[in-house]
> 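Sharing a structure here in structure tokens format.
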Protein chains: 2
Amino acid sequence: MSTAPEGYDPHAFFPFAVTVDLAVFTVREARLHVLLVERGQAPYEGSWALPGGFVLPRESAEEAARRELAEETGLTKESVCSFHLEQLRTYTDPDRDPRMRVVSVAYAALVPDLPEPRGGGDAAHAQWWDADGTGPLAFDHDRILADARDRIGARLEYSCLATAFCPAEFTLGELQQVYETVWGVELDRPNFRRKVLTTPGFVQAVDGPPRRTGGRGKPAALYRAGAATALHPPLLRPEGRPEGRTS
Amino acid sequence: MSTAPEGYDPHAFFPFAVTVDLAVFTVREARLHVLLVERGQAPYEGSWALPGGFVLPRESAEEAARRELAEETGLTKESVCSFHLEQLRTYTDPDRDPRMRVVSVAYAALVPDLPEPRGGGDAAHAQWWDADGTGPLAFDHDRILADARDRIGARLEYSCLATAFCPAEFTLGELQQVYETVWGVELDRPNFRRKVLTTPGFVQAVDGPPRRTGGRGKPAALYRAGAATALHPPLLRPEGRPEGRTS
DNA sequence: TTCTTTATGGTCACTATGACTATAAAGAAG
DNA sequence: CTTCTTTATAGTCATAGTGACCATAAAGAA
């Protein structure tokens with residue numbers, strides 16, 4: 001059998017369907033939430049699934065993911081383009097869809113806590129779920145969701161992308177809450193503060209003396225995401241090794 | 001247009017070809033090498049490319065990658081299954097192949113310095129190249145290769161997989177050579193030694209007093225890869241941040 | 001023998017961090 | 001208004017981990 005690119009007939013390939021699946025995360029009320037859609041038809045009718053859809057003939061997978069993200073959140077493409085979107089991995093098990101051969105490119109998206117989780121159109125049936133409280137999902141989406149959570153948790157250690165969960169201006173307490181929620185641990189507040197502030201470019205103080213209202217205690221200073229993307233040295237999870245698979 | 005999974009006709013999807021591309025790395029003579037194949041037909045006839053091929057109708061991408069790895073290295077599937085193989089990411093640009101719509105799942109493979117780089121069959125035209133000395137490759141393989149090098153370099157920081165470049169028994173000097181070659185830096189030998197030996201499960205001393213022959217200086221003790229897969233705390237590259245893209 | 005090379009064992013200073021204490025500034029409770 | 005609670009912010013101190021060294025051991029080469 002000739003399967004190498006240099007000895008094949010371009011018209012004799014086996015046709016695959018290619019989809020994107022999105023694990024869209026946000027932090028609401030100190031819990032990690034994920035956006036799910038309810039399936040209206042077989043297979044897995046009535047089950048919940050990660051939002052996703054086919055890659056169109058003339059778009060890349062990332063464009064498809066960004067398009068789906070806008071549709072499911074009900075936001076405009078412009079506002080969606082500021083969200084962190086990251087390719088996770090591709091799922092290719094031959095039996096992952098009982099109907100036909102589908103390979104799915106999975107993406108993780110990190111969004112701030114949105115005022116309205118759903119809008120019109122396709123987004124009407126999308127809903128935020130506590131990431132710990134999802135029942136069994138359709139297809140191999142439990143696996144994809146678990147992989148996505150592992151990846152996001154690991155990324156927080158070595159990158160600055162925790163700010164992607166925060167609004168444009170945020171307090172260090174809110175940023176710490178992101179870490180604590182995603183990792184499921186409690187962090188020491190002064191130590192966290194020291195680490196963030198001594199990492200150049202992680203956050204950037206908002207100049208004036210504006211302070212956040214609403215809460216109970218002393219008002220906190222506001223910060224914006226800085227220019228840095230990597231975290232050196234990393235901010236490692238407490239107690240031992242990172243939990244996720246190390247495959 | 002209905003692109004969500006819950007409102008589509010399973011027979012109306014756009015057909016994609018799905019391939020795997022492999023970045024197979026080894027360390028030879030203190031240089032990072034990558035396995036390339038010469039293309040025998042258009043497009044990019046005469047160019048060098050990463051080995052790869054179509055995913056068959058009933059196999060997963062990982063199975064396809066493992067199969068291609070065996071074919072291109074000329075080794076048996078049994079010996080190939082011990083090699084580290086890791087999915088990198090998927091490339092989906094609509095124009096990445098001028099002939100048709102092909103999405104490619106890229107894998108990185110880490111192999112020890114093999115006695116015979118090529119065997120019979122498909123492997124006859126495969127050849128090791130210095131990873132710094134590859135000309136422009138076919139398709140988007142320059143990009144894939146660069147991404148693969150970035151990923152491998154980053155993985156050495158947080159995982160124990162440097163041992164995947166080494167034979168079953170190796171000296172700490174050989175292991176250090178892997179780091180120095182992949183990162184392109186020089187490391188302090190006593191410090192490297194201390195780090196590796198104090199990380200539980202990174203390496204495991206070979207019990208007897210056997211020592212490596214052949215070299216110049218004092219014979220070195222032999223080690224095997226340990227049971228650990230993650231490196232905590234990590235072994236960070238010297239001088240500042242990791243170079244690669246942080247996308 | 002002497003020199004070179006590699007392996008191995010150690011010291012020392014400094015950085016980053018975990019654990020902890022203290023103070024400041026807000027609202028809530030009395 | 002005073003006191004309590006809550007959150008933010010500013011420190012201190014001990015220690016683990018690391019980078020930069022130095023020293024010695026054991027081999028082949030000159």
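Only a predicted model underlies this, so the values are computations on that prediction, with no experimental measurement involved. Numbered from 1 within each chain, the chains take letters A, B, ... in sequence-line order.
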> Just the rounded figure in Å: distance from C1' of C/dT8 to CZ of B/Phe192.
14 Å
> When you measure from the side-chain N and O atoms of B/Arg193 to the phosphate of C/dG9, is any distance below 4.0 Å, counting only OP1 and OP2?
yes
> So for the helix from C/dT1-D/dA30 to C/dG30-D/dC1, with five pairs setting each end axis, what is the inter-axis angle to 10°?
10°
> Would you mind reading off the distance between B/Gln177 atom CD and C/dT6 atom C1', rounded to a whole angstrom?
13 Å
> Salt bridge (Lys or Arg N to Asp or Glu O under 4.0 Å): which pairs involve residues 218-232 of chain A, sequence neighbours left out?
A/Glu169-A/Arg224
> Take atom CG of A/Leu187 and atom P of C/dC20, then tell me their distance rounded to the nearest Å.
15 Å
> State which residue, out of B/Arg143, B/Arg151, B/Arg149, fulfils the salt bridge (Lys or Arg N to Asp or Glu O under 4.0 Å) condition with B/Asp147.
B/Arg143
> Once each nucleotide of nucleotides 10-17 of chain C is scored for protein heavy atoms under 4.0 Å, what B/S/- sequence comes out, 5' to 3'?
BB----SB
> Got a sec, which residues hit side-chain contact (heavy atoms from CB on, under 4.5 Å) with A/Gln204, two or more places apart in sequence or on another chain?
none
> Got a sec, which residues hit side-chain hydrogen bond (donor to acceptor under 3.5 Å, both in side chains) with B/Asp142, two or more places apart in sequence or on another chain?
none
> Could you list the residues that satisfy ring-ring contact (aromatic ring centres under 6.0 Å, His included) with B/Tyr223, not counting sequence neighbours?
none
> With sequence neighbours left out, what residues match A/Arg189 under salt bridge (charged side-chain N to carboxylate O under 4.0 Å, His left out)?
none
> Centre of B/Tyr158's six-membered ring, under 6.0 Å away, within 45 degrees of the axis: is that where NZ or CZ of B/Arg155 sits?
no
> Name all residues meeting the salt bridge (charged side-chain N to carboxylate O under 4.0 Å, His left out) criterion together with A/Asp140; count only those two or more places apart in sequence or in a different chain, and write none if there are none.
A/Arg96
> Take the protein atom CZ of A/Arg189 and the nucleotide atom C1' of C/dG18, then report the distance between them rounded to whole Å.
17 Å
> A/Tyr179: which residues meet the ring-ring contact (aromatic ring centres under 6.0 Å, His included) condition with it, sequence neighbours left out?
A/Trp183, A/Phe192
> Provide a list of protein-nucleic acid N or O atom pairs under 3.5 angstrom, restricted to nucleotides 25-27 of chain C.
unit_1, atom_1, unit_2, atom_2, d
C/dG27, O4', A/Arg216, O, 3.4

> Quick one: A/Leu175 CG to D/dT7 P, roughly how many Å, whole number?
17 Å
> Whole angstroms only, please: what is the CG-C1' distance between B/Leu197 and D/dT18?
15 Å
> With sequence neighbours left out, write down each residue that passes side-chain hydrogen bond (donor to acceptor under 3.5 Å, both in side chains) with B/Ser104, or none if nothing qualifies.
B/Thr19, B/Asp21
> Could you check how far CD of B/Gln176 sits from P of C/dT6, rounded to whole Å?
11 Å
> Could you check how far CD of B/Glu157 sits from P of D/dT18, rounded to whole Å?
12 Å
> Could you work out, with side-chain hydrogen bond (donor to acceptor under 3.5 Å, both in side chains) as the rule, every residue matching A/Thr181, not counting sequence neighbours?
A/Gln177
